[in-house]
Amino acid sequence: MTLDRSNGGPPPGRPRLIVGVTGASAPQLAVHLLTALRRSAVVETHLVISRAAHRTLELETGVRPDELAALADVCHQRGDIAASIASGSFLTMGMVVVPCSMKTLAAIAHGYSDDLLTRAADVCLKERRRLVLVARETPLSLVHLRNMTAVTEAGAVVLPPVPAFYQRPDSIADLLAHLSGKVLDQFGIAHDLSPRWEGPVTARTIGAAR
């Protein structure tokens, strides 16, 4: 996994990426993403875990918050509003909230920064840095949709964890790898987590034969 700077990416060095984890279902998404980032060592990860995420981690994965924190380079306390990631002067390549609850999405959409996670997201918006929200809820209410419109208009990217099947996944791990790859693509981080679509096999074969 390498950092692709071909499209005006972050400056040389080891860029910082903020990872927020909320209490929405599917904390496996965060575990997989942080594991992939730790193995690559391309970016310095700054993690903040919401209060609700502690419970969801326990219920859905059996992973303890301290085990998740160990996957990051730096783990910030959610109530530490004086943490480095609360300031725009602390340079980062952006932030991903994975998974992102509808409560957190609503707070970000309306600038309600009542903890470090939402403050860090607000910083990314005001500094015009990449903010990716892996919003997990279904079905969606009109309130959810309007909040998604609001954060998109503010500059965020709403990236629901919708599985793809063109790569013919054999397991949940394959689906998680694809979704982690979609997140990394948003930050220009090259990876080989899952195969990319290059057209039908027959079309590629015919083209190569000409």
Side-chain angles (χ1 to χ4, degrees), residues 1-10 14-50 53 56-57 60-61 63 68-69 71-76 85 92-102 104-105 108 117-118 120-121 123-125 127-138 148 151-152 154-167 169 171-197:
M1 195 182 301
T2 58
L3 186 66
D4 180 4
R5 298 193 179 91
S6 61
N7 294 319
R14 194 164 179 241
R16 304 157 177 149
L17 178 65
I18 305 170
V19 180
V21 183
T22 75
S25 183
Q28 292 89 343
L29 295 165
V31 175
H32 191 283
L33 179 65
L34 283 166
T35 300
L37 288 169
R38 185 169 185 81
R39 287 174 179 167
S40 73
V42 171
V43 300
E44 179 182 284
T45 51
H46 286 253
L47 176 66
V48 56
I49 309 171
S50 76
T56 310
L57 277 165
E60 297 191 13
T61 70
V63 176
L68 185 67
L71 295 174
D73 293 298
V74 182
C75 185
H76 301 276
I85 59 175
T92 71
M93 62 193 304
M95 178 178 185
V96 55
V97 183
V98 53
C100 180
S101 67
M102 290 299 105
T104 299
L105 189 145
I108 296 170
L117 194 157
T118 50
V123 166
C124 286
L125 290 180
E127 299 293 335
R128 305 301 191 267
R129 295 171 188 162
R130 178 74 72 178
L131 174 62
V132 176
L133 307 178
V134 184
R136 210 231 62 85
E137 186 59 275
T138 189
M148 288 181 181
V151 293
T152 301
V157 173
V158 179
L159 196 159
V162 179
F165 293 91
Y166 57 80
Q167 76 275 32
S171 64
I172 292 177
D174 288 343
L175 295 176
L176 290 172
H178 174 78
L179 292 166
S180 288
K182 295 290 284 186
V183 171
L184 296 181
D185 286 348
Q186 288 294 315
F187 295 95
I189 301 176
H191 63 88
D192 58 359
L193 292 175
S194 62
R196 296 184 182 276
W197 179 250

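Residues: numbered from 1 along the sequence shown.
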Nearest 0.5 Å, what's the CD-CG distance between Gln167 and Leu175?
7.0 Å
Partners of Arg196 by salt bridge (charged side-chain N to carboxylate O under 4.0 Å, His left out), sequence neighbours excluded?
Asp185
Taking the side chain from Arg14 and the backbone from Val43, do they hold a donor-acceptor pair closer than 3.5 Å?
yes
Between Ser101 and Thr22, which heavy-atom pair has the shortest distance, and what is it?
N-OG1, 2.9 Å
Nearest-0.5 Å distance, CD1 of residue Ile49 to CG of residue Leu57:
6.5 Å
Please round to the nearest 0.5 Å and tell me the distance separating atom CG of Leu179 and atom CG of Leu33.
10.5 Å
If I compare all heavy atoms of Ala135 with all of Leu105, which pair ends up nearest, and what's the gap?
CB-CD1, 3.9 Å
Are Ile108 and Leu131 packed together at the side-chain level, in the sense that at least one heavy-atom pair is separated by less than 4.5 angstrom?
yes
Kindly indicate, with the supporting measurements, whether the criterion side chain to side chain contact (heavy atoms under 4.5 Å, CB included) is fulfilled by His32 and Thr35.
CA-CA 5 Å; His32 191 283; Thr35 300; 5.7 Å; no
Could you measure the distance from the CG atom of Leu17 to the OG1 atom of Thr92? Nearest 0.5 Å is fine.
7.5 Å
Inter-residue atom distance Leu133.CG - Cys124.SG, 0.5 Å rounding:
10.0 Å
Considering only heavy atoms from C-beta outward, does the side chain of Arg38 approach that of Thr45 to under 4.5 Å?
no
Sub-4.5 Å side-chain heavy-atom contact between Leu125 and Val151
no
Aromatic plane relationship, His76 with His46 - under 30° parallel, 30 to 60° tilted, over 60° perpendicular:
parallel
Partners of Glu60 by side chain to side chain donor-acceptor pair (under 3.5 Å), sequence neighbours excluded?
Ser25
Where Ala24 and Pro27 come nearest, the two heavy atoms and their spacing
O-CD, 4.1 Å
Any chance you could measure Cys100, atom SG, to Leu29, atom CG, to the nearest 0.5 Å?
11.5 Å
Step by step, would you call Leu37 with Leu184 a side chain to side chain contact (heavy atoms under 4.5 Å, CB included)?
CA-CA 9 Å; Leu37 288 169; Leu184 296 181; 3.6 Å; yes
What is the minimum heavy-atom distance between Ala26 and Arg136, and which atoms define it?
CB-CD, 3.8 Å
Heavy-atom closest pair (Pro99 atom, Val21 atom, distance to 0.1 Å) is CD-CG1, 4.2 Å
Return the minimal non-hydrogen interatomic distance between His191 and Gly181, and the atom names on each side.
NE2-O, 3.2 Å
Side-chain heavy atoms of Gln28 within contact of Val63, under 4.5 Å:
no
Using a 3.5 Å distance criterion without hydrogens, assess whether the side chain of Thr56 forms a donor-acceptor pair with backbone atoms of Gly23.
yes
Is any side-chain heavy atom of Arg130 less than 4.5 Å from a side-chain heavy atom of Val157?
yes
Any donor-acceptor N/O pair, His178 side chain to Ser194 backbone, under 3.5 Å:
no
Salt bridge (charged side-chain N to carboxylate O under 4.0 Å, His left out) partners for Arg16, two or more places apart:
Glu44
